Structure formats: C-alpha cells, structure tokens
Chemist: 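Sharing a structure, written as structure tokens. Questions coming.
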There are 2 protein chains.
Amino acid sequence: MSTETGLRERKKRETRRRIERKAFELFETAGFENTTVEAIARAAEISPRTFFHYFPTKEDVVLADYADRLDRIVEQLAGRPEVEGPWEALEASFMVVATDYDTERDLLARRFRIMARSPSVQARSLQLQSGWEDAVAEVLSRRSGREEQDLESRLMAGAAMIAMRASQRHWLATGQEVHLPALVRRCFGMLAGGFGSVH
Amino acid sequence: MSTETGLRERKKRETRRRIERKAFELFETAGFENTTVEAIARAAEISPRTFFHYFPTKEDVVLADYADRLDRIVEQLAGRPEVEGPWEALEASFMVVATDYDTERDLLARRFRIMARSPSVQARSLQLQSGWEDAVAEVLSRRSGREEQDLESRLMAGAAMIAMRASQRHWLATGQEVHLPALVRRCFGMLAGGFGSVH
DNA sequence: ATGCAAACTTACAGTCACTGCAATTATTAG
DNA sequence: CTAATAATTGCAGTGACTGTAAGTTTGCAT
C-alpha cells in the first residue's frame, strides 16, 4: 500500500520531493525569508498555485516529515503496555522514534539550521509541538483512566516535549558531535529524578 | 519616570490603550481572524499605518503585556540570591510575578480565550515563550558559572515554562475556578519531585 | 509669542503569502 | 476509445506588513 504504483501517485511523490529538494537548496543559499514561493515554484517547475496543493504553508516544506515523526510517537505511546508507568511509556515511545534520528542526521541538521535562522519556521515548529503535546496529554489522561485531561498528564506531556527540544538545541549548539538519542535519554533521566535535589 | 507627564507621552499611551480596547472588543465579537487591521484602525480612529507604529503584528495587540510579564520573571531571576538552588530561584521568581495573576484575572481570561481560538495568536505566544525560555536558560547557565548554555539549564528553563503553560491550560479548561498560582506551585512541585516514581 | 527641530501621523505604492474559482490537461477505469 | 476523476494552472482578490516621503503636532529655546 505504500507502493501504490500508479503513474499518478508516482508523479505526485516525485513532484513533492522536487519541491522539497529545491526549496531546501534555496533556503540554504538565500535564506528562508528571502525565498519566495514563486521562486520555489519556478525552481521546481510548477506553478505557484500548485505549490499550495502540496504544502499548506511555506514553513511546512521544512517541517512536513518532522510532523510525521511526532505522529509516530503518539502512535507508539498508544500501543505501550498498561503496566508501564506513564513516564516510562513516554520515554520508550520516544526512543523508538529517536533511533532513526541517527540515520537521518544530516537531513535533521539541515532542517534545524534553517529553522534556527528563521523565526516563522520556528513558530510553526512550536505550533506543531504544541499540538503534539496536547495529543500526548490526551493519551496519558486516558491511560490513567480519566475522561478529561488532568494537570499531571499535561505537565508530563509538556516535559517530554521539552526534553526533546532541549536536546535538539543542545545538539545543534554543540555542533552535532554528541549522539542525539543519548541527550534525549539524559533529559528524560533528569526529569525522572526531579529538580528538587539540584544545588 | 513612569509618570512622564508630557502631552506627547500621554497621547501615545491613550492611543495605545484605545487600540487595545477596541481590538479586544472586535476580536471577541467577530473573532481574531475575521478582524482586519483596517477595522481596528477605523475603530481606534487612526490610520492603518499608524497601527503598525504601535504594534509590530496584529497578534501582539493580544500579547504585548504578557511579554512584559515574562521579562519581569527574568529580571526577578537575575536578582535572586546565589545560595538558592536554581529550581528554587526559578520557582520564587515565578511566584513573585504570578501573584498579580490574581488581580488581573479577568484580563488574563479574556486574553487566553482569544488565544485559545486563534492559531496565529497561539503561535506568537509560543514564540514569545520560547524566547523567554532561552533568556532563562542563559541566566541559569551563568548562575552555575558557565560560559555557554548547558543541557540542564536549558531543560530546567523549558520545564519552568511548561509548568506555566500546563497551569494556564488547566486553569482555562476547568473554568478558572482554581487559584492559578496554586496550580503553578503544584506543577513546580511535581517537577521538583520528578516523574520517576509515578505509576 | 515665534520659530525651529524632533516626534508623530498619514497616504501611497508595493511585496508576499495564501485562497477560491473556473478552465484546462493528464490519468485511470471500463 | 470514452467517460469519470484527479491534478495543474491562470486569474483575480484579500490581508498583513514595509519603505518612503510629505504633512501635522509637540517641545523648547529665544
């Protein structure tokens, strides 16, 4: 099913890739803000109007598959065994997805670099994360048998997101020399232990 | 000095207030997205161009003094005694500012309601929070004698922000019946204790 | 008071992201 | 081959935001 071999599907996938590839190139050379959708369209040999059939906003070209990754974490979480504590389950879900952080390190770094330099992409990324946070809070609440989201589930979901974000920034700031999943694990560890004892 | 009694200053303050007041009314009746800057300008009896001399974006009308509040937290933090642990200092800084959450409860609720219904205001709010998070991480890093931001400072800053956000959302979702500062305190408490023991 | 400088407001023209619509072209299924 | 379906495109429009230059108001020194 992921190998829908129709001509139509294939063309669409190719066009989408072409847009992404060209857009990234332009973003990296000219900067995100200085690259117009028209320029991307020209480079990808489509009309400007068509661009918006593929991506809802210019920002989403950078973040599309980042969003997919977030969705996968939620899926993982929903499938964790009930006996696990919520934080445990959260960490495990994360780590499953974080594993392929390593195989796509370069793409990841490119994305982050573009994001780091353009406020609007950052904003969109935060928005995605926030939606994700909400979804996680929902799953965690259900897990603990509640109808409505409780404070602790919200907090935990947010904390997990922060673990991810702090890791990302640190990873970027230190020149990507460290293993990203290891950073994530350390963050989860600190949050598990709590800040009360830190002096 | 806050009572600059020149005519010029007074007029500016009045205009700014008038924009805010009218804009809020329009946002609440018609919705943020359905309110154009032109309409706000008309209601506030200024030209559309002038609007942008007062607020950089439409979103900032809703969030301007929220940003101020965030700045004050950072100021507080910078002034905390060195003997305090970082998390302690962070909580204390928060609580100082959170105190007047209570006196401005209505304004706060209005702001949150507008925000909750309009993605772009949410996005802008997240952006502000993210900038704030970075500033806090910076102060915390200095505090622990580092030149560059370390992972733990970043994480702690993020966690504090999440404490704030989770509290806000919970407060809104439960109909503002609970004391907001109390929620914040509970969140800080949970993060101090850590999630490791939760089952 | 008066006149000059600085600050504030405004009109105008322009850029750019994004949308709805309707016409055109390409792909598919029968 | 043909009819239905999906993708692409052009076009006209909206709305946020910016630079610029000209007009208006306020502050201040004389």
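Quick note: numbers below take in every heavy atom, side chains included, and nothing from hydrogens, waters or symmetry partners. Order of the sequence lines sets the chain letters (A, B, ...), proteins ahead of strands, with each chain counted from 1. All figures in this text were calculated on a predicted structure; none of them were measured in a lab.
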Chemist: If hydrophobic residues (ILVMFWY) are linked whenever their side-chain heavy atoms come closer than 4.5 Å, directly or via other members, who joins B/L126 in its cluster?
Modeler: A/L126
Chemist: Could you list the residues that satisfy side-chain contact (heavy atoms from CB on, under 4.5 Å) with B/R142, not counting sequence neighbours?
Modeler: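 B/R142: side-chain contact (heavy atoms from CB on, under 4.5 Å) contacts with B/E138.
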Chemist: Tell me which residues in residues 36-45 of chain A lie within less than 4.0 Å of DNA chain C, going by non-hydrogen atoms.
Modeler: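 Output list: A/T36, A/V37.
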Chemist: Could you go through nucleotides 2-6 of chain D and list every protein N or O atom that sits under 3.5 Å from one of its N or O atoms, giving the distance for each pair?
Modeler:
{"from": "D/dA6", "atom 1": "O4'", "to": "A/R8", "atom 2": "NH1", "distance (Å)": "3.1"}

Chemist: Side-chain donor-acceptor pairs under 3.5 Å in residues 173-193 of chain A, sequence neighbours left out?
Modeler:
{"from": "A/T174", "atom 1": "OG1", "to": "A/H170", "atom 2": "O", "distance (Å)": "2.7"}
{"from": "A/T174", "atom 1": "OG1", "to": "A/W171", "atom 2": "O", "distance (Å)": "3.3"}
{"from": "A/H179", "atom 1": "ND1", "to": "A/D102", "atom 2": "OD1", "distance (Å)": "3.3"}

Chemist: Please find the earliest and latest nucleotides of DNA chain C, in the 5' to 3' direction, that have an atom within less than 4.0 Å of any heavy atom of chain A.
Modeler: C/dC16 to C/dT28
Chemist: Same cluster or not: are A/F52 and A/V121 linked, directly or through other Ile, Leu, Val, Met, Phe, Trp or Tyr residues, by side-chain heavy atoms under 4.5 angstrom apart?
Modeler: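 Yes, it is one cluster - the side chains of A/F52 and A/V121 are joined through contacts under 4.5 Å.
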Chemist: Report the residues that fulfil ring pair (Phe, Tyr, Trp, His ring centres under 6.0 Å) with B/F32, sequence neighbours left out, ordered by chain and then residue number.
Modeler: B/F27
Chemist: Verify the cluster assignment for B/F24 and B/L108: are they in a single hydrophobic cluster under the rule of side-chain heavy atoms below 4.5 Å apart?
Modeler: yes
Chemist: Just jot down the side chain to side chain donor-acceptor pair (under 3.5 Å) partners of A/E133, sequence neighbours excluded, or say none.
Modeler: B/R165
Chemist: If we check salt bridge (Lys or Arg N to Asp or Glu O under 4.0 Å) with A/D60, which of these qualifies: A/R111, A/R16, A/R124?
Modeler: A/R124
Chemist: If the condition is side-chain contact (heavy atoms from CB on, under 4.5 Å), which residues does B/S47 pass it with, not counting sequence neighbours?
Modeler: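 For B/S47 the side-chain contact (heavy atoms from CB on, under 4.5 Å) partners, ignoring immediate neighbours, are B/R49, B/T50.
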Chemist: Tell me, which of residues 24-35 of chain A have any heavy atom that sits under 4.0 Å from an atom in DNA chain D?
Modeler: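 By residue number: none to list.
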Chemist: Please collect all ring pair (Phe, Tyr, Trp, His ring centres under 6.0 Å) contacts where either partner lies in residues 117-141 of chain B, sequence neighbours excluded, each pair once.
Modeler: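 Every ring pair (Phe, Tyr, Trp, His ring centres under 6.0 Å) pair that includes a residue of residues 117-141 of chain B, provided the two are not neighbours, is B/F94-B/W132.
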Chemist: Hey, does the side chain of A/K22 reach the backbone of A/E45 with a donor-acceptor pair shorter than 3.5 angstrom?
Modeler: no
Chemist: Heavy atom of residues 52-60 of chain A under 4.0 Å from DNA chain D: which residues?
Modeler: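 Contacts with DNA chain D under 4.0 Å: A/H53, A/Y54.
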